[in-house]
Structures are given as structure tokens and as C-alpha cells.
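Below: the structure, in C-alpha cells.
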Amino acid sequence: MTRQLLTDNVFLTCVPAEKHKTGFFSAQMTVPLSRETASLNALLVNVLSRGTARCPNLQALGRELDLLYGARIGASVRRSGENQIFGFGASCIDDRYVPTGESLLEPMARLMGEILCDPSLVDGRLNPLFVNNERENLVDVIRSIINDKRAYAAQRLREEMFRDEPYGVSRAGSVETAEAITTEMLDGHYRSILPQARLELFYCGSAPEEKMFDAFRKALAGLPRGGRLEPAVTTRRPAPEKYRLVTEEMDVTQGKLCIGFRSSSEDVPASIMMNTMYGGGSNSKLFLNVREKLSLCYYAGSSYDRRKGVVLVSSGIAPKNYDPAVEEIMAQLDALRRGEWEDWEFTGAKSALRNDLRTIDDSPTAQEDFIISQAAAGSTETPQEMAAAIEAVTPERVIAAAQAVRPDTIYFLKGKEA
Amino acid sequence: MTAIEYPRVGENIYRQRLDNGLELVVVSKPLHVKSYAFFAVRYGGMDMRFELNGQWLDTPAGIAHYLEHKMFDTEEGNVLQEFAKNGAVDNAFTSNAMTAYHVECTEHFYDNLRLLLSFVSVPYFTEESVKKEQGIIAQEIRMIEDDPEWRIYANLMECLYQDSPVRIPIAGTVDSIRQITPQTLYDCHRAFYTPGNMTLVCVGNVDPDKIAAIAEEILPRESGPAIPRDYGRTESMSPVRREFHRKMEVSMPMFLLGCKFVPAESGDGYLRQGILGDLACDALFGGSSPLYTRLYSEGVINASLGGNVDSLPGAAYLYVGGDVKDPARVVDELLAEARRLGEEGVDENFFRQIQRAAYGRMIRSLNTFDNIAISMSEGHFRNFDYFRFPEIFETVTKADVEAFLRETVTEERAALSIIEPV
């Protein structure tokens with residue numbers, strides 16, 4: 001696996017693999033996350049995937065993909081630290097399984113290049129019908145987060161806790177910024193962002209690296225280059241003296257409790273271990289105590305973002321259980337701070353992480369996400385190196401990592417009757 | 001063990017019926033880092049009424065799911081911790097017609113397999129632990145009751161079916177699970193968790209003979225009796241109720257249209273009906289279909305529109321739904337397009353195009369071990385060989401798809417479930 005420079009600020013990573021039924025392709029731009037441009041970038045990829053000069057509408061594009069044996073190409077937007085990563089992921093069945101024996105690789109690479117560089121234009125500009133259509137869809141998608149109360153509560157916590165940091169910006173921005181976009185704005189943004197943004201290309205499949213290098217170079221021959229917008233360096237802040245409580249009411253039967261912590265620890269491997277033992281899965285302290293032992297909730301877990309140095313706890317509870325649930329979530333963190341755990345919790349967390357990092361090799365999308373997030377953060381650490389660093393973590397370092405964590409914000413979504 | 005090669009889909013398997021009746025399938029994946037074991041019971045949310053030792057038993061709604069939760073308790077404690085020590089990822093699910101337990105790992109595979117086979121075959125329930133679980137499952141039920149996607153489906157089933165247990169939510173209700181006791185759990189375990197009613201599917205770089213030896217060592221010697229089940233009277237093809245409207249905290253109206261059809265019983269016909277249904281959905285509302293592309297371009301639908309067919313014992317339906325501003329308009333368009341396709345036929349070129357797409361999709365689904373294991377288990381329970389799908393695929397014609405749409409997607413067969421914003 002190598003990441004090599006294809007052309008100015010464009011990198012290609014090829015992962016040779018025979019074990020998958022499909023080949024996986026990706027082309028992603030990485031730019032600093034900001035309130036001003038988050039919605040523009042999210043809308044841009046949706047508009048570009050509506051049609052190309054050669055396949056100018058959904059029907060033509062759908063036909064092209066169907067004939068490539070149900071190939072898929074999809075726009076995606078994600079956050080990594082304080083960067084926004086947006087672009088296209090695509091996949092098609094491996095040439096070995098094509099009944100007619102034709103090769104799908106080159107046509108796929110070509111189509112990806114066209115989606116990025118050769119959109120369907122009207123009077124030299126992005127198609128205004130697509131822009132209007134997709135703007136409405138994007139606004140609907142942003143609004144629809146409320147349908148999933150768990151995701152909604154997690155987003156509300158982030159918005160509150162990071163209200164004056166880029167980290168608080170949602171991956172597709174807000175309803176207001178999305179609604180304000182016009183065709184002129186988006187077209188201008190496309191022409192300015194495309195040449196400047198760093199572009200990461202990825203392929204995992206059975207085709208040899210040289211073949212993919214050539215296929216991508218050919219497909220992106222028309223990619224404009226000029227200027228340079230580097231990814232952001234994610235910043236960290238200390239937690240306040242006293243945490244802040246935000247409560248909202250909604251017509252739900254199950255309450256959602258989210259707690260955001262900030263960590264002042266620079267010891268990433270130890271913090272990853274700490275989070276895994278705390279709320280990283282069905283063997284964690286939160287799961288086994290808050291859920292299994294005390295039956296206070298249906299789910300309780302935590303996640304750690306090593307770029308930002310934050311731990312976010314999320315749980316679903318009966319609204320009347322707010323006090324005991326908060327108390328228990330904090331008590332479990334205290335237990336870690338005091339080094340109170342059974343030996344299997346420590347060794348189990350290590351094996352779980354070892355397992356997670358090893359299985360990245362079995363999943364092209366996990367590999368892509370790992371590589372592109374690492375590249376955004378300017379890190380070259382491989383999953384193997386990360387696994388070795390975690391293997392070396394001692395109980396003392398986990399205790400120190402737990403002591404470095406302090407609550408910043410509690411968000412509680414409660415039912416109306418509570 | 002019998003070795004079977006499926007060159008068209010690039011799979012090699014070993015398969016054997018053990019003396020105790022367990023169907024063992026090992027799917028060889030020499031290049032993968034992870035290994036996977038999937039232990040499935042032909043027993044799900046629908047199997048509430050059955051005959052055991054000459055007596056018909058009525059068990060509470062939600063019991064199969066409850067049992068799944070409780071199996072993780074062992075006399076020594078909770079088996080989750082044992083898997084945790086090996087860094088394994090284990091989980092389970094209960095669907096309408098299947099309960100399955102699975103574990104994925106990159107080390108200690110045979111230890112994990114032993115653990116999996118032991119905890120699923122040895123029940124251990126106490127009054128106290130069964131009571132405690134009620135709190136957890138009641139929270140799970142409340143959580144899914146707040147989920148509009150779940151709600152809209154549950155309401156559709158109530159409209160479509162008169163008598164079939166598919167009307168009843170798999171997890172049961174907060175009330176129904178209160179009736180569950182250790183004794184009912186033991187009865188259900190004894191009836192259904194027998195080798196003859198189960199499959200073990202292992203996927204990965206693993207040794208089939210070693211797996212067979214472990215399964216023979218740990219599992220009971222007896223196959224267990226076949227358990228007759230009662231799924232209610234044969235359903236008429238008309239729904240009991242045409243529409244169900246409900247208000248919830250959602251951002252946009254949601255709709256789910258369901259159309260009943262007669263389920264193929266078992267064998268290749270079952271697999272074939274699934275492929276046929278898939279192609280019919282592609283033709284009617286797939287992402288490249290004339291209807292989808294037109295409505296999407298007009299802003300009437302968005303990418304959430306989708307659907308498929310589902311076939312359960314005694315109950316089968318095509319469903320299509322999504323988040324749309326005007327559900328009535330979209331439903332009218334769907335029914336009109338089905339009528340048009342039934343009368344005028346599906347365009348030749350378009351049919352060849354969606355055939356390719358559907359075939360590619362089936363190949364693609366073999367990327368995940370879950371899909372492989374579920375398909376192999378379902379294949380055993382329903383008596384078909386899933387990896388032979390390329391041959392079955394070729395037998396589905398354009399005329400079949402047209403006839404299916406003509407018969408199935410009609411007002412007489414349809415019910416509509418709608419969720420509106422508060």
C-alpha cells in the first residue's frame with residue numbers, strides 16, 4: 001500500500017486485494033471545515049452526481065451504471081477533526097465476475113473523472129435545475145436528522161459544546177447556509193475549490209497498481225490545478241471549570257442523554273484504550289454497568305476523537321432516570337481514574353482494538369476512511385503501527401488518560417411528560 | 001465433508017449434515033484476516049404458536065427476541081465478557097423467521113466457536129435475571145416505538161394482514177413481555193434450539209474438519225423433533241385495512257405502500273421469486289427507472305425512495321416507501337406506472353439493463369460475511385442452494401416481471417401506511 005503523488009496536490013493510494021467481489025474507488029477533497037463553506041461543498045457533490053456532459057441526466061447516468069453491472073457512484077461528505085472531506089465513492093463488480101468478460105475498470109475511472117471535472121452545464125454554468133432540486137433535498141436531509149433521535153441528540157450536543165469552534169459545524173452545514181445557496185454561488189465555488197483543494201484518490205481491488213495509476217491519470221487529465229488550500233490543523237481547548245447543562249423537550253418516550261468531555265491528554269494510544277474500556281462496546285464499563293447491571297438504559301456508549309481530544313457519551317434512558325444515569329456515567333469514569341477494573345477489561349480492550357485495526361484490511365471502505373483521515377491530519381501512521389502503540393499502553397497511562405478527561409457539556413432530550 | 005465449487009460466484013464451500021441433524025456449511029475465504037461463525041435457529045418472532053409433545057402452546061409476543069437476549073446469561077456470568085477476553089465481536093438478532101448468534105474475530109477462532117456453540121445450546125434462566133431483562137427490553141421497545149421507520153412498517157403489517165403473526169412486532173410489547181417466565185423460555189429453547197432445527201455457517205480461513213469435530217463434541221446428540229407451527233389462516237390477497245395514518249416528530253411525511261402476493265413455499269422457487277421481485281422493483285421504481293428519474297427530476301421524490309420484496313412463511317409483500325412531501329401523489333404515480341408496465345410491457349433495452357444491475361448487486365452482496373451466512377442459513381431452512389443464483393437468475397424473463405407487476409401492484413392488493421409531521 002503506497003500513497004503517491006499523481007499530479008500537483010493529487011495523491012493516489014492503491015491497495016491490491018483479490019479477496020473482494022468488487023473494486024472500490026474514491027476521490028475526495030479535503031478542506032478546512034467552516035460554517036461558510038460546509039453546505040456549499042455538500043451541495044456541490046450532490047449536484048455533480050446528477051449528470052455529466054456525456055450522461056447529462058439521471059436516466060443516462062443510471063443506464064451507464066446499470067450496464068456496468070450495477071456499478072455505484074455516490075456523493076459523500078464527512079468530517080475528520082476540523083476538516084471536511086467530500087467527494088465520490090464508487091464500486092463495481094470485479095472483472096473476474098463479469099459474465100460477458102468485459103473490463104469495467106477503465107469505464108469506472110473515466111466516469112469518476114467526468115463527474116468531478118466535466119459536469120452537465122447549461123449556458124456554461126452548473127445546471128440550475130439540479131442546483132435547485134438538490135438544494136431542497138439537502139435542506140430536507142439536514143432537517144431529517146430529527147427523525148433519528150439518537151443522532152439528533154449527538155448533533156445537538158456537538159452544536160452546543162463547540163458553538164464557537166469549527167468542530168461544531170455539521171458535515172452538511174445548517175438549513176440556513178444551505179437555503180441561501182444560488183446557482184451563481186455554487187458555480188463560482190466549484191470553479192474556485194476544484195483547482196485548490198487537495199484531492200485524495202483511492203483504489204482497492206484486483207487490478208495492478210500501474211494500471212490504476214494510468215487509468216486515473218487519463219480520467220483526470222482535465223482536472224484544473226492552481227492555488228493551494230491545505231487541510232486545517234485541528235485545535236484543542238480545555239474544559240470549563242463547571243460543565244454546562246442544555247435540556248430540550250420533545251414528544252418522545254425515550255430520553256436521550258449525551259455528555260461531552262474534553263481531554264487534555266496528548267497520549268493518544270492511552271486515550272483510545274481508556275475510551276474502549278469506558279464505553280467502546282458491549283464489554284465496556286458503560287454498557288455492563290449502566291445497561292446490564294442497573295438496567296438504566298437501552299444503550300450507553302462513548303466515542304473518542306483523537307484529533308480533537310474529546311470523548312462523547314451517548315445513551316437512551318427513561319426520562320425519570322436522568323439523575324441516576326448521569327451519576328453512574330460519571331462514577332464509571334471515576335473508577336477508571338482510580339484504576340478500578342478487572343484484568344480482562346484491560347486485556348479485552350487491547351484485543352478488541354487489535355481486532356478492529358486488523359480487520360481494516362478486510363474492508364475497502366474502512367481502509368479508505370483510515371487513509372484519507374490520516375492524510376487530512378498529516379499523519380502517516382499505519383493501522384499496524386497504531387496497533388503496536390496500543391499494545392504498549394500500560395494501566396498507569398490509562399489512569400492518566402482518564403484523569404485528563406473533564407465534562408464540558410451535558411445535553412438531555414426529554415419527553416414532554418417528564 | 002463435501003467440497004463444492006461455485007466458479008460463477010467465486011465461492012468454495014464444504015458442507016455436511018452432522019449425525020445430530022445440524023447443517024454445517026464452511027465458506028472458505030483464505031485471504032481474509034477475520035473469521036466468522038454464524039449459528040442460526042429456524043425460530044423467530046412469528047413462531048408464537050406451536051406444538052410441543054402433542055400439545056399446542058401459545059407463547060407471548062416477543063418471546064423469541066427475549067430468549068435471544070437471555071441466552072447470553074450463563075451460570076458463570078455473562079458470555080459477552082468471555083468473548084471480550086478474546087477480542088471477539090459477537091452479536092445476535094431475531095427476525096420474523098430466524099434467530100441468529102454470530103461472532104467475528106481475528107484470533108482464537110476455535111475458542112470463540114466453542115463458546116458460541118456452548119452458550120446457545122445451554123440455557124440458564126433465573127426468576128431474577130428474567131425480571132431484570134424486562135427493564136432493558138422495555139427500553140428497547142420504547143426506543144423502536146419512537147423510530148418512525150419501525151412504526152410505519154408495523155402499521156403497514158397491521159393493514160396488510162388479518163391473522164398472520166407478521167402483524168405482531170418481533171420484540172413484542174411492554175405488556176406482552178411481562179408474561180414471560182423462566183419456564184416459557186425453557187419450553188421455547190427445548191422446542192426450537194435443537195440441532196435438526198439449526199445451521200452453523202463459518203466463513204473465513206478456517207478448517208472444516210476441526211469445526212465439525214467441535215460441533216459434534218459440544219452440541220446435543222439428538223436432532224430433536226420437528227415442531228409444527230401455526231401461522232394463522234391462509235391470508236386473502238386483499239388487505240384488512242387500506243390506510244393507516246399517524247403523526248410523529250418527523251421532518252417530512254413518510255409513506256410505505258405494501259402489496260401482497262402469494263409466497264413461494266420453498267426450494268428454487270423461493271429463490272426465483274426473490275429475484276423476480278427484485279427485478280420488478282427495479283423496473284417499477286429503481287434508481288434508473290423512467291418513473292424514478294422523472295419524479296426525482298421534478299422534485300417529487302428524493303433519494304430516500306426505495307423498496308423490495310419480503311417473503312415469510314405464509315406472508316409475502318412488495319413494499320416501497322420514502323420521505324416525500326405529497327405521499328398521495330407518489331402512490332398514484334406508482335400504481336399508474338405498474339398498470340402501464342403491465343399493459344404496455346417493460347422496454348426490451350431497459351430490461352437488459354436492469355438485469356445486469358440486479359446480477360451485479362447479487363454478486364456484490366457476497367462481500368459481507370453476514371449476507372453470506374444469512375443466505376446460506378435461509379437456503380437450508382427453505383431448501384435452496386443460494387450460490388446457484390446465477391442459473392436461477394437466467395430463468396426470470398421480462399414476461400415474468402410484467403405478469404408479477406400486473407398481478408401484485410394493484411389497488412386491490414395494496415395498503416398504505418403514512419406518518420405525518422406533528
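Numbered from 1 within each chain, the chains take letters A, B, ... in sequence-line order.
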Applying a strict 4.5 Å limit to non-hydrogen atoms, the region of B/Tyr296 in contact with chain A is both

Cut-off 4.5 Å, heavy atoms of chain B, and the answer for A/Ile145 is neither

Review point. Between A/Arg135 and A/Glu179, is there a side-chain N and carboxylate O pair less than 4.0 Å apart?
Key: no

When the 4.5 angstrom heavy-atom criterion is applied to B/Pro290 and chain A, the contacting part is both

Among A/Ile93, A/Leu58, A/Asn147, the residue with the most heavy-atom pairs under 4.5 Å to chain B is A/Asn147

Ranked by heavy-atom pairs below 4.5 Å to chain A, first place among B/Ala138, B/Gly10, B/Pro148, B/Ser365 goes to B/Gly10

If one checks every heavy atom of A/Ser363 against chain B at 4.5 Å, the contacting part turns out to be neither

One option among A/Asp361, A/Asp140, A/Thr359, A/Thr347 has the most heavy-atom pairs under 4.5 Å with chain B, and it is A/Asp140

So, the part of A/Ala60 with a heavy atom under 4.5 Å from chain B: the answer is neither

Okay, B/Glu104 and chain A: the region with an atom under 4.5 Å from a heavy atom over there is both

For a quick check under 3.5 Å, do B/Asn112 and B/Asn86 share a side-chain donor-acceptor pair by atom type?
yes

Heaviest contributor of heavy-atom pairs below 4.5 Å to chain B, chosen from A/Leu129, A/Asp356, A/Asn133, is A/Asn133

Check your understanding: Would you call A/Lys21-B/Glu11 a salt bridge at under 4.0 Å N-O?
Key -> yes

From the list A/Gly70, A/Ala349, A/Gly62, the residue making the most non-hydrogen contacts under 4.5 Å with chain B is A/Gly70

So, the part of A/Glu134 with a heavy atom under 4.5 Å from chain B: the answer is side chain

- [ ] Any chance you could lay out the salt bridge (Lys or Arg N to Asp or Glu O under 4.0 Å) test for A/Lys285 and A/Glu328, step after step, and finish with the verdict?
- [x] CA-CA 10 Å; A/Lys285 284 193 174 295; A/Glu328 192 56 27; over 6 Å; no

Under 4.5 Å to a heavy atom of chain B? For A/Arg96 that would be neither

List the steps and the verdict of salt bridge (Lys or Arg N to Asp or Glu O under 4.0 Å) for B/Asp282 and B/Arg356.
CA-CA 11 Å; B/Asp282 279 351; B/Arg356 278 189 166 207; over 6 Å; no

Of the listed B/Glu140, B/Lys85, B/Arg352, the one with the largest count of heavy-atom pairs under 4.5 Å with chain A is B/Glu140

Which word best sums up how the rings of B/Phe83 and B/Phe119 line up, parallel for under 30°, tilted for 30 to 60°, or perpendicular for over 60°? perpendicular

May I ask you to decide whether B/Lys131 forms a salt bridge with B/Glu128, counting only side-chain N to carboxylate O separations under 4.0 Å?
no

If you tally heavy-atom pairs under 4.5 Å between each of B/Glu249, B/Glu145, B/Arg142 and chain A, the highest tally belongs to B/Glu249

Measure from NZ or CZ of A/Arg150 to the centre of the six-membered ring of A/Tyr299, then state whether that distance is under 6.0 Å and the direction lies within 45° of the axis.
-> yes

Residue from B/Arg294, B/Arg361, B/Met252, B/Glu107 scoring the most non-hydrogen pairs under 4.5 Å with chain A is B/Glu107

Under 3.5 Å side-chain donor-acceptor pair for A/Lys256 and A/Gln254: yes

Max heavy-atom pairs within cutoff under 4.5 Å with chain A, candidates B/Ile137, B/Asn91, B/Asp146, goes to B/Asp146

- [ ] May I ask you to check if B/Lys34 and B/Phe369 form a cation-pi contact, with NZ or CZ under 6.0 angstrom from the six-membered ring centre and within 45° of the axis?
- [x] yes

Nearest heavy-atom contact between B/Val174 and B/Arg178 is O-CG, 3.5 Å

Practice prompt. Describe, in one word, how the ring planes of B/His32 and A/His20 are oriented to each other, choosing from parallel (under 30°), tilted (30 to 60°) and perpendicular (over 60°).
Written response: perpendicular

One option among B/Ile354, B/Thr368, B/Asn302, B/Val250 has the most heavy-atom pairs under 4.5 Å with chain A, and it is B/Val250

Okay, B/Arg8 and chain A: the region with an atom under 4.5 Å from a heavy atom over there is backbone

Okay, A/Gln59 and chain B: the region with an atom under 4.5 Å from a heavy atom over there is both

